[in-house]
Amino acid sequence: YFGGSGYSAGYNTVSCSIAVDNQGYIYVAGTTASSAFPVYNAGQSTYGGVGYDSIGDGFILKLAPNAASVVFATYLGGSLDDEIFAISVAPDGGIVVGGDTASNNFPLKNAYQSTFAIPTTDSYHGFVSKLTADGQSLSWSTFLGGSSYEDSVSSVTTDASGNVYFVGYTNSTNFPR
């Protein structure tokens, strides 16, 4: 078991939230509404909070190949709802995640899209973020969304050269391209 005092879930849909690297380390991504989620060697150790839909923050967890120990467990999110639906391990060991966020203060770095373009409340932008291999910091992180109420990233993968590919959905006619 792994989780805190509130809702915690790893998504298991078409957009898988579990990845394994070539050394056998196990990566799990999901969402938690727990401010007591057991963070360890975390890049973001502070819970951002629960927003419109009481979803909470995203989390990323790395386990040893035998799953007997935690390498790191970290939150990823802003002050409102943040969900991670997908995870992939890049050739350099970095961890790429995707999902959606209602947080206009979601952690960004070297962003392709740094503006939260939705003018209404209870709306979501997609995001894609790459964490360093140790989970301590972001290599890059960007919003992906237009001005409609919901855009989301449901699956991510990387190729042998480290290029990132993602799919999802949009309700925005002005989704960035």
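For this chain, numbers begin at 1 and follow the sequence in order.
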Applying side chain to side chain contact (heavy atoms under 4.5 Å, CB included) to Val128 and Trp140, what does each step give before you reach the verdict? CA-CA 8 Å; Val128 178; Trp140 53 263; 3.5 Å; yes

Audit row: Val28, Phe59, side chain to side chain contact (heavy atoms under 4.5 Å, CB included) steps and yes/no: CA-CA 8 Å; Val28 180; Phe59 71 83; 4.2 Å; yes

Under the side chain to side chain contact (heavy atoms under 4.5 Å, CB included) rule, what do Leu61 and Val70 come out as? Steps first, then yes or no, please. CA-CA 7 Å; Leu61 167 68; Val70 175; 3.8 Å; yes

**Request:** Start with the C-alpha gap between Asn163 and Ser161, add the side-chain angles, then the distance that decides, and say whether side chain to side chain donor-acceptor pair (under 3.5 Å) holds.
**Result:** CA-CA 6 Å; Asn163 296 307; Ser161 299; 4.5 Å; no

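Scanning for ring pair (Phe, Tyr, Trp, His ring centres under 6.0 Å) contacts around Tyr47 gives Tyr75, with sequence neighbours left out.
In this model, no donor atom of one side chain and acceptor atom of the other lie less than 3.5 Å apart for Glu83 and Tyr124.
In terms of modelled atom types and a separation under 3.5 Å, the side chain of Glu150 and the main chain of Asn171 share no donor-acceptor contact. A donor-acceptor distance shorter than 3.5 angstrom exists from the side chain of Gln44 to the backbone of Thr46, with no hydrogens or angles considered.
Rounding to the nearest 0.5 Å places CG of Asn110 at 9.5 Å from OG of Ser141. Expressed to the nearest 0.5 Å, how far CG of Asp100 lies from CZ of Phe143 amounts to 11.5 Å. Rounding to the nearest 0.5 Å gives a distance of 10.0 Å between OG of Ser103 and CG of Leu76. With rounding to the nearest 0.5 angstrom, the CD1 atom of Ile60 is 7.5 Å from the OG atom of Ser129. Here the CG-CG distance, from Leu144 to Asp151, works out to 8.5 Å after rounding to the nearest 0.5 Å. Rounding to the nearest 0.5 angstrom, the gap separating the CD1 atom in Ile87 from the OG atom in Ser17 is 8.0 Å.
More than 12 non-hydrogen atoms from other residues, nucleotides or ligands lie less than 6.0 angstrom from OH of Tyr165.
In this structure, Thr132 and Ser139 approach most closely via the heavy-atom pair CG2-OG, 3.7 Å. In terms of heavy atoms, Ala111 sits closest to Leu108 at CB-CB, 4.3 Å. Between Ala73 and Pro38, the closest heavy-atom pair is CB-O, 3.5 Å. Of all heavy-atom pairs spanning Asp134 and Phe72, the tightest one is O-CD2, 3.4 Å. Closest non-hydrogen pair, Ala29 versus Ile84, comes out as CB-CG2, 3.5 Å. Between Ser155 and Ala86, the shortest heavy-atom contact is CA-CB, 3.5 Å.
For the pair Lys62 and Tyr27, the NZ or CZ position fails the cation-pi test of under 6.0 Å to the six-membered ring centre and within 45 degrees of the ring normal.
With Lys130 as reference, Asp92 is the one residue of Asp92, Thr158, Thr142 to meet the side-chain hydrogen bond (donor to acceptor under 3.5 Å, both in side chains) rule. A side chain to side chain contact (heavy atoms under 4.5 Å, CB included) with Thr74 is found for exactly one of Leu131, Ile95, Asn41, namely Leu131.
Cluster membership check: Phe127 does not share its hydrophobic cluster with Val167, using side-chain heavy-atom separations under 4.5 Å among Ile, Leu, Val, Met, Phe, Trp and Tyr. Note: the hydrophobic cluster containing Val153 does not contain Tyr169 (ILVMFWY, side chain heavy atoms under 4.5 Å, direct or indirect links).
Using a 4.5 Å cut-off on side-chain heavy atoms (C-beta onward), Leu63 and Tyr25 make no contact.
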